[in-house]
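Report on the structure given below.
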Amino acid sequence: MRDVDRIAVEDVGLQLLQMMENAGRILAWHVRDVRESDVVVVAGNGGNGGGGLTCARHLANRDIPVRVVLERPSEELSGAAAHQCHILDEMNVSVTSSVEPLADADEQTAIVDALIGYGLTGNVRPPADAYIDRMNDLSGPTVSLDVPSGIDATTGESLDEAVSPARTVTLALPKTGLDAPTGKLYLADISIPRTVYVRLDIDYEPLFGDDDWVRLEQ
Ligand SMILES: NC(=O)C1=CN([C@@H]2O[C@H](COP(=O)(O)OP(=O)(O)OC[C@H]3O[C@@H](n4cnc5c(N)ncnc54)[C@H](O)[C@@H]3O)[C@@H](O)[C@H]2O)[C@@H](O)CC1
Ligand SMILES: [K+]
């Protein structure tokens, strides 16, 4: 997937924010599909977090009650995550980095797990572990972006706590490590052109029909 990202960006010219917009918009569709009530987005500081912040914008644009809990203070965000968070600030969407994560979520609140995607390196470090535990404590439906946080996208193993979602919306290609507990698994089209796969000798069959996502059988 890193190779796909690299070729798409460096050779073909697709920009991260374009792929992230597709990811966040399709994630918002799935959150609307599962939610009964308000929504809390848990966002890390990488591309996964950026996708969650994009999702929050698409929900807020439809007057869906949504708030964001960051793993670290917004002034520590960088890159695309900082970009997406600035827009939410301008929209007056609630963004906090509370120590007691998700303190005011009730049993109906839907959770968006945009903490860690395929960038997981090694055992889950604090405070991410507390956020993962808290997400798992809540009874509302959780939707994970790309990979349930804490799961290794390649091996599928979780070295310790991992999010146990109702569904996972993975991006572009099914990650090899997704035979892990992902809940219902969906693949989202983030507009990676076929030439990227051809250049990487990945045999690619068109996966997407009329929808922007497909359900993957597990
Ligand atoms: N082509 C694609 O697949 C695209 C993927 N995107 C998203 O970008 C993600 C990859 O982005 P990144 O490479 O920035 O990485 P991630 O956003 O997956 O992970 C980095 C974040 O996880 C934290 N983290 C990493 N290891 C940790 C550990 N052991 N304990 C606690 N925290 C840990 C880091 O502090 C950082 O906040 C994908 O999972 C996907 O969601 C999108 O940006 C769009 C393009
Ligand atoms: K995640």
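Remember, it's 1-based here, ligands and their atoms both numbered in the order they're listed.
- Asp33 and Arg167 are joined by a salt bridge, as a carboxylate oxygen and a charged side-chain nitrogen come within less than 4.0 angstrom of each other.
- Of all the heavy atoms of Ala128, the ones lying under 4.0 Å from any atom of ligand 1 belong exclusively to the side chain.
- Residues His30 and Trp213 bring their aromatic ring centres within 6.0 Å.
- When heavy-atom distances to ligand 1 are checked against a 4.0 Å cut-off, Leu120 comes that close through both its backbone and its side chain.
- Of all protein heavy atoms, the one lying nearest to atom 22 (O) of ligand 1 is Ile116 CG2, 3.6 Å.
- Remark: ligand 1 and Met1 share no N or O pair separated by less than 3.5 Å (distance only, no angle test).
- Glu21 CD to Gln84 CD: the interatomic distance, rounded to the nearest 0.5 Å, is 6.0 Å.
- For atom 35 (O) of ligand 1, the closest heavy atom belonging to the protein is Arg72 NH2, 3.2 Å.
- A continuous path of hydrophobic side-chain contacts links Leu173 to Ile26 [ILVMFWY only; heavy atoms under 4.5 Å].
- Not one N or O of Ile190 is nearer than 3.5 Å to an N or O of ligand 1, by distance alone.
- In this structure, Val147 has no heavy atom closer than 4.0 Å to ligand 1.
- Residues forming a side-chain hydrogen bond (donor to acceptor under 3.5 Å, both in side chains) with Tyr197 (at least two apart in sequence, or on another chain): none.
- Inclusion of Leu16 in the set of residues having an N or O under 3.5 Å from an N or O of ligand 1 is not warranted.
- Here the heavy atom of the protein found nearest to atom 25 (C) of ligand 1 is Gly119 O, 3.3 Å.
- In the hydrophobic clustering of ILVMFWY residues, with side-chain heavy atoms under 4.5 Å counting as a link, Tyr118 and Leu200 come out together.
- Donor-acceptor pairing under 3.5 Å is lacking for the side chains of Asp113 and Thr142.
- The protein heavy atom nearest to atom 17 (O) of ligand 1 is Asn48 N, 3.0 Å.
- For atom 37 (O) of ligand 1, the closest heavy atom belonging to the protein is Asn45 N, 3.0 Å.
- Nearest protein heavy-atom contact of atom 14 (O) of ligand 1 is Gly47 N, 2.9 Å.
- In terms of protein heavy atoms, atom 6 (N) of ligand 1 is closest to Leu171 CD1, 3.9 Å.
- Side-chain contact between Pro141 and Ile111 is absent, with no heavy-atom pair separated by less than 4.5 Å.
- Only the side chain of Asp146 comes within 4.0 Å of ligand 1, counting heavy atoms alone; its backbone N, CA, C and O stay farther away.
- A heavy-atom separation below 4.0 Å is not found between Val4 and ligand 1.
- Nearest protein heavy-atom neighbour of atom 27 (C) of ligand 1: Arg125 NH2, 3.4 Å.
- Relative to atom 2 (C) of ligand 1, the option among Val196, Thr170, Asp5 with the closest non-hydrogen atom is Asp5.
- With a heavy-atom cut-off of 4.0 Å, Gln18 does not touch ligand 1 at all.
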Apply salt bridge (charged side-chain N to carboxylate O under 4.0 Å, His left out) to the pair Asp3 and Arg6, showing each step before the final yes or no.
CA-CA 5 Å; Asp3 289 342; Arg6 181 173 45 78; 3.2 Å; yes
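- Under a 4.0 Å heavy-atom criterion, Gly50 is not in contact with ligand 1.
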Pair Leu145-Leu171, side-chain contact (heavy atoms from CB on, under 4.5 Å): steps then yes or no:
CA-CA 8 Å; Leu145 177 58; Leu171 302 175; 4.1 Å; yes
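- Of all heavy-atom pairs spanning Tyr131 and Val42, the tightest one is CD2-CG1, 3.8 Å.
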